[in-house]
Amino acid sequence: MTPLLSTHGLIAGYGDMRALHGIDLSVNAGETVALIGANGAGKSTLLRAIMGLLPVAPEMIRLDGQPVGGRAPHRMVREGLAIVPEGRRLFTGMSVEENLRVASEHAAKPVAEPWTLERVYTLFPILKEKSRTPVENLSGGQQQMVSIGRGLLAQPRILLCDEISLGLAPKVVREIYAALPEITANGTALVLVEQDVGLAQRASHRLYCLLEGRVTLHGSSAEISRDAISTAYFGASHALD
Amino acid sequence: MHWIDGIVQGVLLGGLYAQYALGMALMFGVMKIVNVTHGDLVVLLALIGISLANVAGLGPWAVLATLVPIGAALGWLLQRALLNRVVGDDPLPSLIATFGLSIALQNAMLVIWSADTRSLSGGGIQQASIALGPIFVGVLPLIVLICATVLTGGLDAVMRYTRFGRSLRAASADVEAAAMVGVNPRNVYAAATAIAVGILGFAATFQAMRSTVAPADGPFQLIYAFEAVIIGGLGSIWGAFAGAMILGISQAIGFRISPGFGILAGHLVFLAVLAIRPQGIFQRKA
């Protein structure tokens with residue numbers, strides 16, 4: 001079966017600094033895949049490269065088997081990719097609803113059950129209450145909900161989530177993670193970059209561990225042992241390569 | 001009465017400055033570009049309009065109706081061919097590019113139209129005036145002010161309530177994040193500059209009707225637009241309008257203090273704002 005999204009020897013970086021040294025990854029429809037790894041392992045870079053925010057060669061990224069690498073981000077949205085970026089990156093000076101509408105007005109062709117403002121408000125009821133509030137006046141958790149809602153309204157087949165739990169209270173993190181099954185229910189795939197390894201393992205079907213721009217471990221989240229993860233995470237086996 | 005008349009005339013003058021300033025405020029607000037060719041584009045459009053009037057026999061309103069789409073097309077082309085290559089976090093490349101283009105445009109206009117000053121015939125409307133109580137108000141300046149107000153309100157409404165306006169504001173807040181939700185920044189930028197230069201079609205027509213234009217006049221129009229935008233607060237649409245009014249009133253009152261003092265009074269108010277409130281009087285909340 002052709003995976004929905006796959007990367008093939010993906011190499012990317014910033015200027016002269018190469019951050020990814022050949023990543024092979026695949027994501028199937030409806031699947032939740034977690035990316036774990038220490039700071040600087042290349043997790044965010046990988047998501048940015050997939051989203052079209054970093055220059056890559058066409059055949060390094062495939063959607064439905066078709067090479068799409070190197071296309072501009074707005075064209076990746078049309079192909080069915082969306083990202084909840086690190087740091088949320090909301091449109092300041094605009095209300096919650098306006099932030100969401102920018103996404104819905106430039107969305108990919110809707111999937112079977114398209115995301116609507118109403119569905120996002122059902123998923124995160126607090127946003128309906130705050131729909132007229134400028135986003136800069138929201139709490140961190142509420143801002144993260146807007147950012148996720150914005151990603152969903154792009155009608156993605158694959159939603160890339162970059163550290164959605166970062167800096168949030170545990171209760172808010174639980175609230176946000178509780179919403180994820182609703183997102184994957186209609187076949188949307190999730191790629192989660194997560195600092196909290198336990199959380200990543202519980203929330204995903206499969207996980208990839210990155211270390212210094214390489215995949216050091218991947219497999220079924222339920223079957224991978226803690227020891228294997230810590231070895232891959234900290235690189236004890238790295239010297240053996 | 002002398003002073004009230006000064007303020008009224010200043011507001012009317014501010015109407016013309018507002019038409020210069022709107023496009024500059026839009027371009028700065030969305031792209032952080034200070035377009036140095038702004039004044040030269042006013043002059044270019046005015047000269048095209050005057051030539052159209054002379055060659056094709058167009059009346060002033062037909063000239064206006066022609067210059068707005070020509071301006072929009074020029075703006076679109078300017079963004080696509082040049083500014084999209086230099087836009088970015090660093091303001092210097094766009095400043096240098098538009099500065100160079102400004103000089104090239106002035107020289108090109110000098111070749112085509114020579115250094116003569118020209119104006120556009122308004123068919124008598126320039127001399128017409130109406131009495132508001134004891135104050136006489138020119139019909140043309142009144143039309144200019146009404147157009148400026150409608151343009152400002154219209155642009156503000158577009159920014160607030162339309163899909164295009166939302167994508168402009170999103171790109172202005174965080175262009176990369178806007179691209180991540182499907183906005184094509186190059187299209188949005190091209191449309192913004194098309195609107196900015198399209199509005200200059202109004203400014204060019206009215207400038208050519210109420211005064212004269214010559215190829216080297218651009219920098220003067222640029223400085224008025226720039227001052228109005230700075231006084232009002234960079235990037236704010238109604239701020240630019242208010243800044244234009246303040247500039248117009250300062251000049252009109254300065255002119256009544258002493259005929260040679262008018263223009264200087266405007267510059268002094270601009271410098272005072274820059275010194276006391278550099279973010280501008282009406283800067284919107286960040």
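Excluded from the calculations below are hydrogen atoms, water molecules and symmetry mates; all remaining heavy atoms, backbone and side chain alike, are included. Numbers restart at 1 for each chain; the letters A, B, ... are given by sequence-line order, proteins then strands.
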Atom pair OG/CE of B:Ser172 and A:Met94 - distance to nearest 0.5 Å |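 One gets 9.5 Å once the value is rounded to the nearest 0.5 Å.
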
What is the distance from atom CD of A:Glu98 to atom CZ of B:Arg166, rounded to the nearest 0.5 Å?
->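 So the gap between those two atoms works out to 6.5 Å.
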
Positions in residues 180-201 of chain B that reach chain A, provided some heavy atom is under 4.5 Å away =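 Residues of residues 180-201 of chain B touching chain A at under 4.5 Å: B:Met180, B:Val181, B:Gly182, B:Val183, B:Asn184, B:Pro185.
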
Pairs of heavy atoms under 4.5 Å with chain A: top-ranked of B:Ala173, B:Ala177, B:Ala178 |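 Top count of heavy-atom pairs under 4.5 Å with chain A: B:Ala177.
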
Interchain contact, A:Ala103 with chain B, by part (heavy-atom threshold 4.5 Å) |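 Both backbone and side chain.
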
Contacts of A:Arg206 that satisfy side-chain hydrogen bond (donor to acceptor under 3.5 Å, both in side chains) - sequence neighbours left out =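 For A:Arg206, the residues satisfying side-chain hydrogen bond (donor to acceptor under 3.5 Å, both in side chains) (neighbours in sequence not counted) are A:Glu31, A:Tyr208.
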
Could you list the residues that satisfy side-chain hydrogen bond (donor to acceptor under 3.5 Å, both in side chains) with A:Arg89, not counting sequence neighbours?
->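 If we apply the side-chain hydrogen bond (donor to acceptor under 3.5 Å, both in side chains) test to A:Arg89, skipping adjacent residues, the hits are B:Asp174, B:Glu176.
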
Just by distance, do the side chain of B:Arg163 and the backbone of A:Glu105 share a donor-acceptor pair under 3.5 Å?
->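 Checking the backbone N and O of A:Glu105 against the side chain of B:Arg163, a donor-acceptor pair under 3.5 Å is found.
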
Proximal to chain B - members of residues 53-68 of chain A, heavy-atom separation under 4.5 Å |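 Contacts with chain B: A:Leu53.
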
Flag if over 12 foreign heavy atoms under 6.0 Å of CZ, A:Arg119 =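 Yes, CZ of A:Arg119 has more than 12 neighbouring heavy atoms, counting only those of other groups under 6.0 Å.
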
